[in-house]
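Below: one structure, written as structure tokens.
Each ligand, and each atom within it, is numbered from 1 in the order the structure gives. Keep in mind that this is a model prediction, so the values were computed, not measured.
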Amino acid sequence: ARAVHLKDYAPYPYLLDDVSLQVRLDPKATRVVSQIRFSPNPDGPAAGTLRLDGEGLRLIRATIDGAPADVTVDDHGLTCPAPATAFDWECEVEIAPADNTALEGLYMSNGMYCTQCEAEGFRKITYYPDRPDVMAPFSVRIEADPATCPVLLSNGNPTVAGDGWAEWQDPWPKPAYLFALVAGDLVRHADSFRTLSGREVDLGIWVRPGDEGKCAYAMDALKRSMAWDEAEYGREYDLNTFNIVAVDDFNMGAMENKGLNIFNSKYVLASPETATDRDYEMIEGIIAHEYFHNWTGNRITCRDWFQLCLKEGLTVFRDQQFSGDQRSHAVKRIDDVLTLRARQFREDNGPLSHPVRPESYIEINNFYTATVYEKGAEVIGMLRRLVGEEGYRAALDLYFDRHDGQACTIEDWLRVFEDATGRDLTQFKRWYTQSGTPRLSVREDYTDNVYRLHFRQETPPTPGQPEKGPQVIPVALGLLAPDGSETMPTRVLEITETEQSFTFPGQETRPIPSLLRGFSAPVILTRQSTAEERAFLLAHDTDPFNKWEAGRTLAKDVLSRMVTDDAAPGPDYLSALRRVTQDDTLDPAFRALALALPSDDDMAQTLTDSGVTPDPLAIWTAREKLSLRIAEELSAVLGDLYDALERPGPYSPDPKAANARALRQTALGLLSRIDGGTRAQKQFAAADNMTDELGALACLIRADGGDEATATFYRRWADDRLVLDKWFALQVGYAAPADAADVAARLTQHPAFDWKNPNRFRSVIGGLGGNHAGFHAAGGAGYELVADWLIRLDPVNPQTAARMTTLFETWHRYDADRRDMMRAALERIRATRGLSRDSAEMVGRILG
Ligand code: HT7
Ligand code: ZN
């Protein structure tokens, strides 16, 4: 397959003045009639030939101004001679949504019709210039059997409807990737929202009958998101209707289609009995994310898919701000950095490393990555730090004013910051074009009351980019005195050179630096420091992120020495942990994070960075030993906490109650290593909510497989598909290293293992990949099983299969045996006859 390159961008030769679709739904023979008014694009290349994208369509007829068009059809679309003046195009195609297992285009899920058009799914519905810079107002007429599909939804506002048909009109010009259509037997959880300027908006969350009791939290999150976007960004909603539909079969989390968001049901449905605190938090964040796209993505969209970070990085940044405002900024920041390091640093350290704005792709679906999303959000955070809160607001106001209704580039985005703040962002732009995680090392000296910091930055070579220039790195810094007081509050140093020093005169004692506060830049910071100093920062740093970071670094040092030298955990770490655990002035969720150890995957990368080949079993064993040691050392404190944090009233998902549960669960996880599982048994039996029930079950499975509790849980929840996903995932995720592949293999034989459902597939196969020691267990059974299943899934759902090949992206870290086995598994996937373009690109890049 051929690669697409950013440098080859050219505008489309035509503008689309108006699009009208008529969709007559049928599982095997849906008919789509499209009528499009084309006119020459004055800013485009010469008109005269019409090229439309199309895949898997049966063309019935095509006309230009009422006369048959002279079309040539190929595998990717059609071409025909067309006037160089305005004309009317009409065509009719037939498609079979019931046969669409790839879940892209128009497909069926539990008897319901739905669409997923981003990135290039609309071309599976009709012939069309399926690219984000071609925008048009749409009107849609849907016809379906009213007995099976009483509800018919599309983008924009509803206009007229009758028995078996409905019409929708979307006045806002949009690219085809934002098109959506849903039809089925659905029930509506209704509410309304009054915008700042007084527009009354009908809100609807549409779900399968029986699920209507699980929509209240998502609706509440939606209304809070709408109010927040008005208050913080001055952005109002712009239609009379906003609908959300929950779908069981969905490749990703959700989709921001204009006025008709479609969600993986996992990120909509919640009740105390079936959803965990984490589920509630994810629902809130994803509802906000998709809603925020209405302005950052829909009203202002991307010129081409290379600019994906323009909408995704910014919208992730906005949803992170929102969640921080709704909950705790400190805890949210730590969570976000944990995700960034686990996903994006991992990606950036391996063969899939690419810039936030890539320069070429074979399959765009493979570029919905942690780098585009999470690093893209970090880049916005850095910009905001550099220009300040007011500068950021001025730049965003200018962005919305200047570019409303346009399809934009990163250059447009940076220009509004330059114009609004007067700053030159030429060097800053490297964050979008250079791949790899910068390494920032720092040395210091202190003489005659003058303290100096000497920085050096370097970004290692990444695929296609052997050389890098220095980046603009904002380093938030505070200084502390040995008595724990802060002698210099946070100040932002701007590093722009490869080597750069900063001087702080008037320091009566040698300060202790708190560097990169709030994780002010997505870099790997190295600095020689002692365990005492880390314990000091854990105790005294006023910056909550760095307070946590100090504990994390301590934990990593302890674990590394346990792995490499079989060393026992030192007293500094354990006593620092005790202090934090007992400190009631700290948010319980923060304490839970401080008590949590780095993941095995994180430790594997940490060891690799320090030149040690990671042994997954040794890491797992060290982590188990350290957890046991912490449990023994802190047993009394943890026992008291566990009892004290018992909830007095009924379950509520509010942040305060959830934070208390997070700490209580962390305490239980440690205590169940020394109490024979008595607390976990009791909690499991008494639980009236999924957070407590699942938390207890996890402890029981980890202790001895938890066969009885696992069976009880299954009997209780066999009819709830989302809860059952958790049941599958937990067994694989907590299986002992030597058993994990067998457990996963056994679960793939379970009658409820519906492998064509992406959530279920991810629970088991993704769950195995997430069990680091289990996936990498000696002998390679984990690699084999995952490869077998990816080969099986690829022809059915190439997008999901390709995405999961990233389980192998770290092959280069490990010993020769594992490397060989992982490469062999990848080669086996690559050699599969008829392998999709999606998986072929991923496997090719991973193998290098
Ligand atoms: N913008 C949406 C991306 C998305 C997607 C991309 C490829 C294939 C399937 C997909 N489903 C959703 C989601 C978002 O980032 O908001
Ligand atoms: Zn998004």
* Enumerate the atoms of ligand 1 whose separation from the nearest heavy atom of N365 is less than 4.0 angstrom. => 7 (C), 8 (C)

* To do: Check ligand 1 against E256 and write out every atom of the ligand that is under 4.0 Å from a heavy-atom position of the residue.
  => 1 (N), 2 (C), 13 (C), 14 (C), 16 (O)

* To do: Calculate the angle formed at the Zn ion (ligand 2) by OE1 in E312 and NE2 in H293; 10° precision is enough.
  => 100°

* Structure fact -> Atoms of ligand 1 under 4.0 Å from any heavy atom of Q799, numbered from 1 in the order shown, are 8 (C), 9 (C)

* Is the NZ or CZ atom of R123 both under 6.0 Å from the centre of the six-membered ring of Y128 and within 45° of that ring's axis? -> no

* If you draw the axis of the six-membered ring of Y237, does the NZ or CZ of R299 fall within 45° of it and under 6.0 Å from the ring centre? -> no

* With heavy atoms under 4.0 Å as the rule, classify the contact between E312 and ligand 1 as side chain, backbone, both or neither. => side chain

* Examine H293 against ligand 1 and note whether any of their N/O atoms are separated by less than 3.5 Å. => yes

* May I ask you to check if ligand 1 and K311 share an N or O to N or O distance below 3.5 Å? => yes

* Checking side chain to side chain donor-acceptor pair (under 3.5 Å) against D325, which of Q321, R327, H329 comes through? -> H329

* In terms of the angle between their ring planes, are Y361 and F367 parallel, tilted or perpendicular, with boundaries placed at 30° and 60°? -> tilted

* Short N/O distance, under 3.5 Å, between E290 and ligand 1? -> yes

* To do: Quick one: look up the protein heavy atom nearest atom 12 (C) of ligand 1 and list residue, atom name and how far away it is.
  => A254 O, 3.2 Å

* **Element-labelled atoms of ligand 1 that are located less than 4.0 Å from some non-hydrogen atom of H289** => 14 (C), 15 (O), 16 (O)

